[in-house]
Amino acid sequence: MPNITFWGHTSFLLSEKGKEVLVFDPFISENPLATVTVDEITTDYILISHAHWDHFGDAYEIARQNGAKIISTSEIAKKAAADGYNAHAQHIGGRSYQSFGSVKLTLAFHGAGIEGGHACGFVVDYYGTKIYFAGDTGLFYDMKLIGELDSLDLALLPIGDNFTMGIDDAVIAASFLRAKVVIPYHYNTWPLIELDPEVFKKKVEENTSSKCVILQPGDSFSI
Ligand code: NI
Ligand code: MN
């Protein structure tokens, strides 16, 4: 079974024994919650939702030390390729087929952090397991469509408010997505986004059919 590991804030590692490894938004060296160091990370792919510093993070260092492929929006991937990295450019609505399965870029209502770009989310088919990583975003009604197009095993949702959805909007997102399991992120990194994730868990499990799993930084969940 695939495992998702949380490194705090917005960074996740998706892995399964003997299979390819994916990292989402590798914000490590400046992440006060991070439980790994950049040197310890082994991965084949790095997915970047947008170029804000708390998402792009240590992507280049990790890509360099692993020879990993960066997958992101056209603007970020083109810059990474120009900077000498192995990068695959996509854009919103498009799916690419990779060695582990596929990656589709979704809407995300947020700044791109790079000139001319868009923020995005990802729907990943990882050897048949379907995972939605929302990136940084506000709530949008088309999340309902994301849940209808793919039967999601796991949805990773920001809940910290101020920069992204807060708890109540993220509960609505969970109701739209209908994933088997929801895992929250983008909270308790700094005072501005401090909250009790148990409040989110309680509301998700009262108001939706999804189970909510809260991961402490360093924890893993078997999907
Ligand atoms: Ni952001
Ligand atoms: Mn962010």
Side-chain angles (χ1 to χ4, degrees), residues 4-14 22-36 38 41 46-63 70-80 87 89-92 103 105-124 131-140 142-143 146 154-174 177 182-197 200 214-218:
I4 190 90
T5 302
F6 184 44
W7 286 328
H9 191 56
T10 189
S11 300
F12 291 92
L13 175 113
L14 177 62
L22 278 65
V23 167
F24 295 88
D25 286 358
F27 174 55
I28 306 297
S29 58
E30 294 186 70
N31 178 354
L33 303 177
T35 53
V36 288
V38 169
I41 295 173
I46 302 166
L47 278 61
I48 305 171
S49 66
H50 64 296
H52 286 157
W53 71 290
D54 61 320
H55 296 260
F56 191 89
D58 304 285
Y60 278 177
E61 190 56 40
I62 295 164
I70 291 171
I71 299 178
S72 191
T73 58
S74 180
E75 290 76 14
I76 292 172
K78 274 187 185 151
K79 182 171 189 318
Q90 288 183 226
H91 236 305
I92 291 164
V103 178
L105 264 62
T106 69
L107 292 178
F109 284 94
H110 192 76
I114 187 168
E115 203 176 325
H118 289 271
C120 74
F122 298 102
V123 172
V124 172
I131 296 148
Y132 171 53
F133 174 74
D136 274 1
T137 187
L139 174 65
F140 55 95
D142 284 0
M143 283 183 182
I146 293 172
L154 174 65
L156 304 169
L157 298 177
I159 65 164
D161 224 340
N162 194 78
F163 302 108
T164 68
M165 297 186 281
I167 285 177
D168 288 339
D169 282 1
V171 172
I172 296 168
L177 293 161
V182 171
I183 294 176
Y185 65 89
H186 217 276
Y187 63 91
N188 288 355
T189 322
W190 304 290
L192 197 54
I193 55 173
E194 264 175 22
L195 52 75
D196 179 3
F200 175 68
I214 294 167
L215 294 180
Q216 300 305 318

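Just follow the structure's listing: the first ligand is 1, and inside any ligand the first atom is 1. Throughout, residue positions are numbered sequentially from 1 according to the sequence presented.
Taking backbone and side-chain atoms together, Asp136 has an N/O/S atom less than 2.8 Å away from the Ni ion (ligand 1). Distances from the Ni ion (ligand 1) show that His55 has no N/O/S atom below 2.8 Å. The Mn ion (ligand 2) has an N, O or S atom of His186 closer than 2.8 Å.
In His55, the N, O or S atom that comes nearest to the Mn ion (ligand 2) is NE2. Taking the N/O/S atoms of His110 in turn, the shortest distance to the Ni ion (ligand 1) belongs to NE2. The Mn ion (ligand 2) lies closest to atom OD2 when only the N/O/S atoms of Asp54 are considered. Residue Asp136 approaches the Mn ion (ligand 2) most closely through its N/O/S atom OD2. Summary: ND1 is the N/O/S atom of His52 found nearest to the Ni ion (ligand 1).
Taking the centre of each ring, Trp7 and Phe27 stay at or above the 6.0 Å mark. Ring-centre distance between Tyr132 and Phe122: not below the 6.0 Å cut-off.
Residues meeting the salt bridge (charged side-chain N to carboxylate O under 4.0 Å, His left out) test with Asp196, sequence neighbours left out: none.
The closest donor-acceptor contact from the side chain of Gln90 to the backbone of Val103 lies under 3.5 Å.
The aromatic rings of His50 and His55 sit tilted relative to each other, their planes meeting at an angle between 30° and 60°.
Screening Thr189, Asn31, Asp25 against His9 for a side chain to side chain donor-acceptor pair (under 3.5 Å) leaves a single residue, Thr189.
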